[in-house]
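Worksheet: one structure, shown below.
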Amino acid sequence: MPATTQTQKSLPLKALAANLPAPSAKACCQTGGGVGAGAEAPVIALAGAPNTGKSTLFNALTGAKVTMGNWPGTTVEVSRGVWRTTKDSATCGCEDCDCDPEEQRLEMTLIDLPGAYSLDPHSPDEALTRELLIGGPSDERPDLTIVACDASRLVNSLYLVAQLRERGTRLVVALTMLDVAEKRGITISPALLARALGCPVVGIDPRRRTGLDRLARTVRAVLGQPLLKPRPVPATDDSLELDDDRFTWIATAVEAGTSASGAPAATLSDRVDRWVTAPVLGPLIFLGLMWAVFQITTTVAAPLQDLLDGLFSGPVTDGATWLLTQLGLDGSWIQGLVVNGLIAGVGMLLTFVPLMTLMFVLLALLEDSGYLARAAVVTDRLMRRIGLPGRAFLPLIVGYGCNVPAISGTRILPNARHRILTALLVPFTSCTARLTVFVMMGAIFFGPFAGTAVFGMYVTSIVIIVLVGLLLRGTLWKGEPIEPLVIDLPAYQRPTLRLTASVTWVRLKGFLQTASGIIVATVAAVWLLQSIPVHAGESFGEVPVQDSVYGVGAQALTPVFAPAGFGSWQSTSTLVVGFVAKEAVISSWAQTYAVAEPDDNSQPGDLGAAVLQTFTESSGGHPIPAALAFMVFLMAYTPCVATLAAQWREIGARWTLFGIGLQLATAWLLAVVVFQVGRLFW
Amino acid sequence: MDLAAAPLHTELTLLASDAPESSRQRLSSLGLRVGSRFSLLQKTAGGGRVVLVGGSRIALGSQLLGHLRAEAVK
């Protein structure tokens with residue numbers, strides 16, 4: 001199902017809908033009183049306070065897969081999808097124009113907006129929501145707005161409804177979290193609430209996909225009605241007086257539409273929070289959870305990795321070699337590219353798919369459960385020490401999955417200087433692409449302690465963030481005020497299989513797309529550079545890699561890394577490749593060592609033993625501190641070009657270039673310190 | 001009393017707020033405004049509090065507690 005995501009700051013909603021690539025639509029299926037898909041289709045905005053299930057609803061209605069999570073700030077970009085309905089159903093499964101005209105199929109453009117508590121923005125993502133909902137002329141606004149409201153905390157959710165009701169827009173309230181409200185003894189009558197609010201109210205459960213047909217029928221009905229009459233408000237500019245009026249209106253509506261059985265009892269969330277946000281225990285639980293995530297990831301994935309490794313280095317390589325031999329290409333440069341380049345490089349990378357899948361599943365479980373908002377509370381004090389509000393923790397933790405969305409995620413912060421500082425710190429969060437290298441290094445150098453070594457790198461990542469944050473807070477960010485922490489704690493939810501699988505697949509697909517795009521291109525470029533000789537008398541594709549353009553170029557850089565213990569051309573060259581994308585580090589290594597074995601160049605060889613030997617030689621017999629220094633450097637220097645592009649977009653060229661210098665200086669300095677101190681002990 | 005000194009699990013009314021404007025607006029849109037009733041559920045790591053207001057659980061940082069004055073509902 002087509003869906004697109006775009007950063008958009010100025011275009012009104014309908015222009016945005018028109019500017020984004022048009023979803024595929026079948027003209028013969030366009031029904032519904034002449035309203036068709038594409039530019040003429042009704043535009044439906046999906047708004048609401050953060051964490052009310054908007055993105056889950058969007059995905060359920062459009063079949064798209066945008067990021068979902070149970071923490072504030074999941075949606076920081078605008079997503080658009082096609083919502084295909086019939087007169088009775090929220091989803092039309094017609095694929096080949098076989099719709100019965102009686103079904104009255106109607107396609108609508110659905111826009112998922114960033115969460116906003118109100119139309120008074122406190123951050124760029126909220127400002128974007130306001131701009132798209134009410135910023136442009138009336139004919140460029142959405143035809144209808146669905147406001148997702150959390151039934152378990154109606155008062156807060158209805159503030160946005162109150163403001164929109166003052167503007168006479170077509171409105172439908174979608175009540176989510178009814179099960180949570182029920183557990184809290186709150187019973188809601190959608191009909192009575194609708195009468196009090198003056199707009200339709202539909203109870204739904206987007207996670208389990210119930211109530212969606214009723215929502216579709218309501219939306220279709222309201223689209224055919226005139227605009228709502230605006231709710232009268234006091235003629236004043238005093239925001240306090242207007243707030244009073246809105247909350248009085250909300251209180252009246254809530255009283256009319258809900259009934260509570262007795263005093264609110266402590267919920268399961270309250271009981272869990274007593275432990276996980278507690279002063280001493282909370283931080284310990286946070287650290288324990290993070291340790292468990294990385295321990296489970298590395299230990300459970302190991303046998304699957306071995307299996308895949310055996311598959312690629314065995315049958316796949318043998319099969320490709322046999323096939324090329326049959327084609328008369330045995331020993332040719334094509335065999336070198338296919339076997340030593342693509343199969344060795346991409347194959348090695350693909351062995352990490354089980355590991356990354358596990359990591360993404362565990363992070364999705366933490367997100368969907370609602371724990372991440374608690375983690376922001378637990379880390380608030382630490383964040384303030386480095387000059388940032390507690391909410392900045394959320395983009396930083398996203399960075400441990402991938403730095404690119406984390407940079408976009410800085411938009412949830414109201415203060416521009418805090419956004420820049422956070423965007424400069426995000427690259428120091430160790431993304432999953434770096435995890436693949438750490439796991440491999442851990443297995444080579446630390447044996448049974450590989451999981452602990454990997455966890456140690458994540459702790460080191462936090463330490464680096466703190467140190468760099470302190471440095472910047474004491475210099476360029478000196479005296480910068482920090483807003484106090486105010487964060488909504490969503491109710492804990494039992495993660496659903498569908499949501500966890502969906503989030504995991506979206507992220508894994510992103511990884512695989514990178515692997516099939518940048519990685520293949522990088523593998524080809526590395527192979528090409530490794531095939532070009534620099535000395536006369538050697539021919540293309542038959543040159544020892546250290547005498548190739550690749551090897552000689554890397555040798556020019558090795559003195560820079562000699563003080564850090566990994567001043568070898570093999571290690572240096574892979575760091576240069578890693579500047580493009582960390583996913584390419586292992587593949588370039590695999591290529592280097594496969595090419596570097598002239599006796600049996602049809603096999604990738606024992607990569608681990610080759611890397612160990614290289615580090616032993618370059619460190620003068622201290623491979624472990626050299627490996628640690630290499631891992632620290634890998635963690636701290638520029639993550640990838642995609643992250644740089646995201647930084648460029650969010651904080652501009654000047655700060656991006658400053659960030660590159662900061663990362664390289666930090667990485668080199670720490671690597672040298674780690675090696676020079678480490679060699680005294682190992 | 002300010003919220004740092006307010007008892008847990010007791011219904012309170014917010015009497016006054018001299019929090020920074022941006023925080024005041026944020027609290028207001030979350031339902032914590034002068035005159036609203038709420039209770040404190042627990043202390044958090046970092047010295048903050050979890051506030052129960054209008055069915056929502058909101059974590060407040062310790063820096064904010066001194067800016068919010070409340071009294072117990074009689």
Side-chain angles (χ1 to χ4, degrees), chain A residues 49 116-118 120 122 150-157 159-160 181 184 186 239-240 243-244 247 250-251 254 260 264 266-267 269-270 273-274 276-283 286 373-374 376-384 389-390 414-415 481-491, chain B residues 2-4 6-70 72-73:
Chain A
Y117 293 100
S118 70
D120 309 316
H122 294 273
D150 182 341
S152 67
R153 45 191 179 114
L154 253 189
V155 173
N156 303 347
S157 298
Y159 191 85
L160 182 63
R184 292 180 181 175
I186 304 166
S239 63
L240 285 176
D243 266 356
D244 271 342
F247 276 106
I250 290 169
V254 170
T267 64
S269 292
D270 295 335
D273 280 345
R274 206 167 292 158
V276 301
T277 63
V280 178
L281 207 54
F286 169 72
R374 276 73 181 181
V377 174
V378 167
T379 54
D380 179 54
R381 179 177 280 179
L382 178 66
M383 297 303 296
R384 300 183 73 80
N415 182 302
I482 309 167
E483 296 96 354
L485 176 76
V486 177
I487 192 166
D488 209 358
L489 299 178
Chain B
D2 65 35
L3 290 201
L8 300 180
H9 308 296
T10 302
E11 194 174 15
L12 304 164
T13 303
L14 189 66
L15 296 177
S17 163
D18 63 350
E21 181 61 15
S22 61
S23 298
R24 194 192 62 75
Q25 281 184 6
R26 171 66 78 196
L27 290 172
S28 181
S29 63
L30 288 167
L32 191 60
R33 43 197 281 279
V34 172
S36 59
R37 290 187 173 188
F38 64 98
S39 58
L40 301 178
L41 292 180
Q42 68 170 92
K43 294 180 181 177
T44 63
R49 300 286 187 278
V50 175
V51 174
L52 170 61
V53 58
S56 291
R57 274 74 177 161
I58 303 162
L60 302 183
S62 58
Q63 306 73 24
L64 206 51
L65 303 181
H67 294 284
L68 302 171
R69 295 191 58 75
V73 175

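Labels below follow one simple rule: chain letters A, B, ... track the order of the sequence lines, proteins then strands, and each chain is numbered from 1.
There is no side-chain donor-acceptor pair under 3.5 Å between B:S22 and A:E483.
With chain B as partner, the option from A:A376, A:P283, A:A278 having the largest number of non-hydrogen pairs under 4.5 angstrom is A:A278. Highest contact tally toward chain B, considering only A:V377, A:I186, A:L160, is held by A:V377 [criterion: heavy-atom pairs under 4.5 Å]. Ranked by heavy-atom pairs under 4.5 Å with chain A, the list B:R33, B:Q25, B:K43 is led by B:R33. For chain A, the option among B:S29, B:G48, B:S39, B:S36 with the highest count of heavy-atom pairs below 4.5 Å is B:S29.
In this structure, the separation between CG on A:D270 and NE2 on B:H9 is 8.5 Å, given to the nearest 0.5 Å. A distance of 9.0 Å separates CG in A:L489 from OG1 in B:T44, rounded to the nearest 0.5 Å. Distance check: A:F247 CZ to B:S28 OG gives 5.0 Å after rounding to the nearest 0.5 Å. Put simply, CD on B:Q42 and OG1 on A:T277 are 3.5 Å apart, with the number rounded to the nearest 0.5 Å. For the atom pair CZ of B:R26 and CG of A:L485, the computed distance is 11.0 Å after rounding to the nearest 0.5 Å. Taking CZ of A:R153 as the start and CG of B:L30 as the end, the distance is 8.5 Å to the nearest 0.5 Å.
With a 4.5 Å cut-off on non-hydrogen atoms, B:S56 touches chain A through its backbone and its side chain both. Contact of B:L60 with chain A is made through backbone and side chain together, with heavy-atom distances under 4.5 Å. Looking at A:D243, both its backbone and its side chain come within 4.5 Å of chain B, counting heavy atoms on both sides. Neither the backbone nor the side chain of A:D150 comes within contact range of chain B, judged by heavy atoms closer than 4.5 Å. For A:R381, the part sitting under 4.5 Å from any heavy atom of chain B is the side chain, from C-beta outward, and nothing else. No part of B:V34 comes within reach of chain A, as not one of its non-hydrogen atoms sits under 4.5 angstrom from that chain. For A:I482, no part lies near chain B; criterion is any non-hydrogen pair under 4.5 Å.
Side-chain contact between B:V50 and A:D273 is absent, with no heavy-atom pair separated by less than 4.5 Å.
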